[in-house]
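Below you'll find the structure, written out as structure tokens, and then a few comments.
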Number of protein chains: 2
Amino acid sequence: MPVTIEDLSNKLGVSRSTVSKALNDRGDVSPRTKERVTQAARELGYQPSAAARSLRRQRTEKIGLVVNYPIRRVSDFLAELIPSMATVAEEAEYNLILYTSMAGQTERLISLCRSREVDGIIIAWPPQFHETVVLHRMLTDERMPHIFLPRRVPHDDISYVAADHQQGARLLTEYLISLGHGRIAFERLPEVYETDYDRHSGYAQALRAAGIKYDESLVISADSAAADYDTKSFQHFMALPDPPSAILFFTDPSAIRALSLAREGGIRIPQELSVAGYDGVLSSGVTEPALTTVRQSAGALGALAVESLLKLIANDGLEAQQHILPVELLPRKSTAAPANGGA
Amino acid sequence: MPVTIEDLSNKLGVSRSTVSKALNDRGDVSPRTKERVTQAARELGYQPSAAARSLRRQRTEKIGLVVNYPIRRVSDFLAELIPSMATVAEEAEYNLILYTSMAGQTERLISLCRSREVDGIIIAWPPQFHETVVLHRMLTDERMPHIFLPRRVPHDDISYVAADHQQGARLLTEYLISLGHGRIAFERLPEVYETDYDRHSGYAQALRAAGIKYDESLVISADSAAADYDTKSFQHFMALPDPPSAILFFTDPSAIRALSLAREGGIRIPQELSVAGYDGVLSSGVTEPALTTVRQSAGALGALAVESLLKLIANDGLEAQQHILPVELLPRKSTAAPANGGA
DNA sequence: TACCGTTACGAAATCGATTTCGTCCATTCG
DNA sequence: CGAATGGACGAAATCGATTTCGTAACGGTA
């Protein structure tokens, strides 16, 4: 069995309190005693019991990551997010506990709060706005510091960390305009409300700034619930009487799918059609041609989320942490100047 | 503050012990009392304190995942592994705690053991054999159940879960032979000792079974420490007086790199050269041509590792858990019959 | 009626720390 | 010299559960 504080105090002939105070730098301990205690602790390899300490201190030095999302497919976003969060937490002597099976199950989240096994919670992928507010209220009632990720939540009291998707869509659109495109198609995904709104407003903003008229027929709302959802948008746009010279897809996988559909259809990319994705997944770099996209750094989002949560824990959640991180345009080979000058 | 067992017992006018026994189904409690207690617990939303329970029960219902590896690049292996492990753990009412910053730091691992904040440990990516044995001894001394992943460790007492890499390389080689290839090049990576050994022996075995002479000049040992390591093997093989008709790369990224080198060099794949990777990363599915590879299921490995660790915890680690999981050949478009019949 | 066994419950110990508070002793000051 | 001050330490309470063990009450039997 591991060495306890009692073993240490017996060996040294001092009280448990003195040992505790010596090791934690609190209370009055003479320099000599302190030295003896630390020395003996090292020798015996004493390590305080996490459970006992947590019980007494009423904090666990652990934070929870609740993946509030059915993990359909593997994403490199998660692969970058999780280790980054864990690493940042560890720098602050915290650890990360994963909770993957409580999507939408509020009672399980309540149990988690009441059992006090974490000091704060990061909720990855908040649900729809209304539900998020309910969740926030519940967590606030339970006095559990929490932060949402990676979507912004339009509510003053709610903490979140998200990427600047308006900027992302704007950068992409501006880039295509600078290449000479005038008919730029845009895929929306209303399911992810704020993200969709931001992206669309970035797109519209770039068009407006360039004096290009917003054309409703060039904007489609995808429905990710549909089976062949990732082929529909492409087919829709190409079937238009006057097809666009460039398409901005909502996600990289859709854009990648379009790449192969175009190949099958004999449409050369980027010569005859420019295609762009969004997210900067690893796969987007190895397609032929490599995909132009926008990258949000999952690592940076995760790191900031952890840091913000630690602040909430330290400040007792006095004021909400709200952060929007810049994104990066990755211009690659799937986009080029349009053949006919974009007319 | 959360409801404690004392609050419950006060409200009901029974003792704490009775409440505890009622909720945990131990000891003698009359059906009537039990009903009253469960009812009140539900009403008040009582949830036992994790710290108090851990302290008394001497177990935490948590397992640790120690990523004993510098996470160089994002890998979809991790993205699939971690959620899978967390989910399987949760089915058994355990949770997963991540430790990403203790690669090679044995004292930190010892602290983790002694603080008893986890009931068992999964070590992702064991170090070299000798160090792994040392680690195993240390963990055994600390009476900490543990299992290594995703590499086998050739030692009877050590628990691990790994993929069958001998089978993987054999399947790939057999497949190429069945296509008509006779000169099949093979890239080794001595750095990952057992994995490399298994893969190479699967390759050699397939050749032998087909009566093809093992040609040393077709086998190269890569050095992943070198900067341009992923281009070297390809260049080496293509510079041979009599180049191979097919190349088996050690990893998908190397094979993908070879795909673009071949394009640059005007070598058509698969018509003039067959290329295969290994691991089945997501990217391998979107290259042009799509990459033939072997997939090991990170999800299955992780799930089995957790299940095995839970057995070790339950059995007090009586006998080592050693599991080798089958892999899956993914024949895709980067391999085909050789132009000249493979002569 | 006296005795015994069973049932249902509670008092108290326990897990291993932290923290509060009181005490002892040596100085220092008036 | 007596009282006040403060440094160093320990006894005991505390955190919130679980578990052991003792006992009251009850019913059945000799």
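Here is how names work: the chains are called A, B, and so on, in the same order as the sequence lines, proteins then strands, and each is numbered from 1. What you see is a predicted model; the values in this text were computed from it and never measured.
- Counting to the nearest Å, the C1' atom of D:dG16 and the CG atom of B:Asp7 are 10 Å from each other.
- To the nearest angstrom, C1' of C:dA17 lies 17 Å from CG of A:Asp25.
- Contact annotation: side chain of A:Arg56 to base of D:dT14, donor-acceptor pair present below 3.5 Å.
- Residue B:Arg16 has no polar side-chain atom (N or O) positioned under 4.0 Å from OP1 or OP2 of C:dG10.
- Contact annotation: B:Tyr46 side-chain N/O to D:dG16 OP1/OP2 distance is not under 4.0 Å.
- At distances below 3.5 Å, not a single donor-acceptor pair connects side-chain atoms of B:His155 with backbone N or O atoms of B:Val153.
- With rounding to whole Å, A:Leu12 atom CG is found 15 Å from D:dA8 atom C1'.
- Rounded to a whole Å, the CZ atom of B:Arg59 is 13 Å from the C1' atom of D:dA17.
- In this structure, the CG atom of B:Leu55 is 17 Å from the P atom of C:dA13, given to the nearest Å.
- Under 3.5 Å, the side chain of B:Ser17 and the base of C:dA11 form at least one donor-acceptor pair of N or O atoms.
- Proximity of A:Gln58 to the phosphate of C:dT18: no side-chain N or O atom is located under 4.0 Å from OP1 or OP2.
- Nucleic acid contact class of B:Ser20 (heavy atoms, under 4.0 Å, all strands): base.
- Neither OP1 nor OP2 of C:dC15 sits under 4.0 Å from any side-chain N or O of B:Arg57.
- When all heavy atoms of A:Leu78 and B:Pro83 are compared, the closest pair comes out as CD1-CG, 4.1 Å.
- Using a 4.0 Å heavy-atom distance criterion, A:Ser54 is classed as making no nucleic acid contact.
- Contact check, A:Thr18 against D:dG10: a side-chain N or O comes under 4.0 Å of OP1 or OP2.
- Separating the NZ atom of B:Lys21 from the C1' atom of C:dA12 is a distance of 12 Å, rounded to the nearest angstrom.
- Contact check on A:Arg114 versus A:Glu142 returns a salt bridge, with a Lys/Arg side-chain nitrogen under 4.0 Å from an Asp/Glu carboxylate oxygen.
- Dashed line: the shortest gap from a side-chain N or O of A:Ser30 to OP1 or OP2 of D:dC9 is under 4.0 Å.
- For B:Glu80 (side chain) and B:Gly299 (main-chain N/O), a donor-acceptor pair under 3.5 Å exists by modelled atom type.
- Closest contact between the side chain of B:Thr4 and the listed nucleotides C:dG16, D:dG16, C:dC9 involves D:dG16.
- The residue among B:Arg26 and A:Asp28 whose nearest nucleotide of DNA chain D is located toward the 5' end is A:Asp28.
- Remark: A:Ser49 is not in phosphate contact with C:dG16, judged by side-chain N or O atoms under 4.0 Å from OP1 or OP2.
- Across the protein-nucleic acid pair, B:Arg114 atom CZ and C:dG16 atom P stand 15 Å apart, rounded to whole Å.
- Side-chain polar atoms of A:Tyr99 and A:Glu117 form a donor-acceptor pair below 3.5 angstrom.
- Between the B:Glu194 side chain and the B:Pro154 main chain, no donor and acceptor come within less than 3.5 Å of each other.
- If you measure from atom CD1 of A:Ile5 to atom C1' of D:dG10, you get 13 Å, rounded to the nearest angstrom.
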